[in-house]
A.B. asks: 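Please find one structure pasted underneath; my questions will follow.
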Protein chains: 2
Amino acid sequence: MTSPARQRILDTATRLFYTEGVRAVGIDRIIAEAGVAKATFYHHFPAKDELVTAYVEDQGQRQRALADELPEGPGRERLLTLFERMGEFGSLPGYRGCPFINAAAEYPDRSHPVRKAVAAFREWFRDLMLSLLKDARHPTPEETADILMIVRDGVAVGFDLDDPAVVRASIRETVTRVLGPAQELS
Amino acid sequence: MTSPARQRILDTATRLFYTEGVRAVGIDRIIAEAGVAKATFYHHFPAKDELVTAYVEDQGQRQRALADELPEGPGRERLLTLFERMGEFGSLPGYRGCPFINAAAEYPDRSHPVRKAVAAFREWFRDLMLSLLKDARHPTPEETADILMIVRDGVAVGFDLDDPAVVRASIRETVTRVLGPAQELS
DNA sequence: CTATATATAGACAGACCTGTCTGTCTTCAA
DNA sequence: TTGAAGACAGACAGGTCTGTCTATATATAG
């Protein structure tokens, strides 16, 4: 399906785009570090923007795969585990913020494919939390999903801009305050 | 103090950096739109990075000025008003996200002056919320300040990436859930 | 065997970027 | 009146960026 060269390009671009920013990384650097010819690059990605879009979409795929690995259990527990996982990732040494938020910062045009990919991820993520809230029989799942979206973004940003230990220590308390007391099983 | 030319450069840069991103805007564009000679630009800002730093620091100053305009009253009310104001700004047509978060996305190096300026703003903002929480006699002001910082970032991001009306409708409920019930005056 | 797809290396064009430099003009203060 | 500060216009250098192109090599499928 995907050729090794294409994969090497995408992997290299992912690493460089995430750690240094999209505009900060040129094509020449990517092809050099991926060990690929320029023609090969433009064969797979007709323009840089398409590589950037592929990068963002691929991040979405990885997030979905990560969500699939959430252990079974009641919705409330899975929700807490989801945020716990964010805390683990955010505490890793190479964490540089949310790739979607960062990419959006460099692509102001809301009609650009990159922003579309960001929007698609966000809709999926909100839906995921919404379904977990419904499973937990939360009294206000829609409203709470919107609030948890705010928390998600704040956490993702805070791990990059503040002391990760402080943010991590705040996550569980934040989510429990937002969720309120656990609902009785009817 | 500040010459008109310098001010015109900074104003133009602010507008362009905020709406299009820092790396997306070149010096030539700034001097053209500011109506300034190149030599004048480099007289006031020896390098582009210093202009970017000045831009971020200036944003910090504006935020402080905005906070000074908060009406008098009990801490809890001022806190709610603070977030209400974020909702007003975030709903404006030209809103393109938090300038600090966006700038940080383009400057990964934490030791860079731009990141220092971002960190300085964030410390000030957390301290502001902390003092308001203490004024409100909140039982856990430190912990809650950290949580409100998460909310602030989430709100700032959400206004750019999601439907502003939805975010705005969520703010008050988010903050009240985080704050918990109002404290009795002792 | 041959045609196609995929890969390699690297020159090249043209745009754009930052930053330097020359030279002129005005204003204002000593 | 002289000199310094600040501003102007714009050429220029040197580098980087994206994207195109030529030319060649290899593997595989028909």
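Per chain, numbering begins at 1; letters A, B, ... match sequence-line order. What's counted below: heavy atoms across the whole structure, side chains too, no hydrogens, waters or symmetry copies. What you see is a predicted model; the values in this text were computed from it and never measured.
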A.B. asks: Show your working on side chain to side chain contact (heavy atoms under 4.5 Å, CB included) between B/Gln59 and B/Phe100 and close with a plain yes or no.
C.D. replies: CA-CA 8 Å; B/Gln59 289 299 308; B/Phe100 304 101; 3.7 Å; yes
A.B. asks: Would you call B/Asp146 and B/Arg126 a salt bridge, using N to O less than 4.0 angstrom?
C.D. replies: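 Salt bridge present between B/Asp146 and B/Arg126.
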A.B. asks: Determine which pairs satisfy salt bridge (charged side-chain N to carboxylate O under 4.0 Å, His left out) with at least one residue from residues 148-159 of chain B, sequence neighbours left out, and list them in order.
C.D. replies: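 Residue pairs passing salt bridge (charged side-chain N to carboxylate O under 4.0 Å, His left out), neighbours aside: B/Arg122-B/Asp153.
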A.B. asks: Kindly state each residue pair satisfying salt bridge (charged side-chain N to carboxylate O under 4.0 Å, His left out) with at least one member in residues 104-114 of chain A, sequence neighbours excluded.
C.D. replies: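 For residues 104-114 of chain A: A/Arg110-B/Asp160.
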A.B. asks: What is the distance from atom CG of A/Leu82 to atom CG of A/Leu128, rounded to the nearest 0.5 Å?
C.D. replies: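 These two atoms lie 6.0 Å from each other.
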A.B. asks: Thinking salt bridges, do B/Glu143 and A/Arg177 make one under a 4.0 Å N-O criterion?
C.D. replies: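 Between A/Arg177 and B/Glu143 there is a salt bridge, with a charged N closer than 4.0 Å to a carboxylate O.
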A.B. asks: When you measure from the side chain of A/Arg172 to the backbone of A/Leu80, do you find a donor-acceptor pair of N or O atoms at a distance under 3.5 Å?
C.D. replies: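 No.
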A.B. asks: Could you identify which residues of residues 46-59 of chain B place a heavy atom less than 4.0 Å from some atom of DNA chain D, listed by residue number, or say none?
C.D. replies: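 Of all residues in residues 46-59 of chain B, none places a heavy atom under 4.0 Å from DNA chain D.
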A.B. asks: At what angle, to 10 degrees, do the two end axes of the helix from C/dC1-D/dG30 to C/dA30-D/dT1 meet, given five pairs define each axis?
C.D. replies: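 Here the helix ends are tilted 0° relative to one another.
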A.B. asks: Expressed in angstrom and rounded to an integer, what is the separation of B/Tyr42 atom OH from C/dC21 atom P?
C.D. replies: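 That distance rounds to 13 Å.
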A.B. asks: Check B/Thr144 against B/Val178 and note the closest heavy-atom contact, atom names and distance.
C.D. replies: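 That closest heavy-atom pairing would be CG2-CG1, 4.1 Å.
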A.B. asks: Could you state the NE2-C1' distance from B/His44 to D/dA5, rounded to the nearest angstrom?
C.D. replies: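 After rounding, the gap between these two atoms is 10 Å.
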A.B. asks: Counting only pairs under 3.5 Å, give me each side-chain donor-acceptor contact of residues 65-73 of chain A, with atom names and distances, residues two or more places apart or in other chains.
C.D. replies:
none

A.B. asks: Once each nucleotide of nucleotides 21-28 of chain D is scored for protein heavy atoms under 4.0 Å, what B/S/- sequence comes out, 5' to 3'?
C.D. replies: B-------
A.B. asks: Measuring from atom OG1 of A/Thr174 to atom CD1 of B/Ile150, what distance do you get when rounded to the nearest 0.5 angstrom?
C.D. replies: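 Here the rounded value is 4.0 Å.
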A.B. asks: Can you name the closest pair of heavy atoms from B/Ala136 and B/Gly75 and give their distance?
C.D. replies: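 Heavy-atom minimum between the residues: CB-C, 4.2 Å.
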A.B. asks: Write out all pairs satisfying salt bridge (charged side-chain N to carboxylate O under 4.0 Å, His left out) with one or both partners inside residues 49-61 of chain B, taking only residues at least two apart or from two chains.
C.D. replies: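 The answer is B/Asp58-B/Arg62.
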A.B. asks: Just do the side chain to side chain contact (heavy atoms under 4.5 Å, CB included) check on B/Val157 and B/Asp162 with the steps written out, would you?
C.D. replies: CA-CA 8 Å; B/Val157 167; B/Asp162 297 331; over 6 Å; no
A.B. asks: For nucleotides 26-30 of chain C, give me every protein contact, N/O to N/O, under 3.5 Å, one pair per line with atom names.
C.D. replies:
none

A.B. asks: Check whether any side-chain N or O of A/Thr40 sits under 4.0 Å from OP1 or OP2 of C/dT8, and answer yes or no.
C.D. replies: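 Yes, because at least one side-chain N or O of A/Thr40 sits under 4.0 Å from OP1 or OP2 of C/dT8.
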A.B. asks: Is any side-chain N or O of B/His43 closer than 4.0 Å to OP1 or OP2 of D/dC8?
C.D. replies: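 Looking at the OP1 and OP2 atoms of D/dC8, neither is under 4.0 Å from any side-chain N or O of B/His43.
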A.B. asks: Which ones in residues 17-33 of chain B lie close to DNA chain D, meaning a heavy atom under 4.0 Å from one of its atoms?
C.D. replies: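 Listed by number, there are none.
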A.B. asks: State, to 0.1 Å, how close B/His138 and B/Leu179 come at their nearest heavy-atom pair, and which atoms those are.
C.D. replies: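 Here B/His138 and B/Leu179 meet closest at NE2-O, 2.9 Å.
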A.B. asks: Considering all heavy atoms of both residues, which atom of B/His44 and which atom of B/Ala5 are nearest to each other, and what is their separation?
C.D. replies: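 What the structure gives for the nearest pair is NE2-CB, 4.5 Å.
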A.B. asks: Can you name the residues that form a ring-ring contact (aromatic ring centres under 6.0 Å, His included) with B/His112, not counting sequence neighbours?
C.D. replies: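 Only B/Tyr107 meet the ring-ring contact (aromatic ring centres under 6.0 Å, His included) criterion with B/His112.
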A.B. asks: Hey, can you pull the donor-acceptor pairs under 3.5 Å for the side chains in residues 16-35 of chain B, sequence neighbours left out?
C.D. replies:
| residue | atom | partner | partner atom | Å |
| --- | --- | --- | --- | --- |
| B/Tyr18 | OH | B/Arg96 | N | 2.7 |
| B/Tyr18 | OH | B/Gly97 | N | 3.3 |
| B/Tyr18 | OH | B/Gly97 | O | 2.7 |
| B/Thr19 | OG1 | B/Arg15 | O | 2.8 |
| B/Glu20 | OE1 | B/Arg29 | NH1 | 3.2 |
| B/Glu20 | OE2 | B/Arg29 | NH2 | 2.9 |
| B/Asp28 | OD1 | B/Lys38 | NZ | 2.9 |
| B/Arg29 | NE | B/Glu33 | OE2 | 2.9 |
| B/Glu33 | OE1 | B/Arg15 | NH1 | 3.3 |
| B/Glu33 | OE1 | B/Arg15 | NH2 | 3.0 |

A.B. asks: If every non-hydrogen atom of B/Phe159 is compared with every non-hydrogen atom of B/Met86, which pair is closest and at what distance?
C.D. replies: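 B/Phe159 and B/Met86 have their closest heavy atoms at CE1-O, 3.9 Å.
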A.B. asks: Please give me every residue in residues 4-16 of chain B whose heavy atoms get under 4.0 Å of an atom in DNA chain D, ordered by residue number.
C.D. replies: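 Correct list: B/Ala5, B/Arg8.
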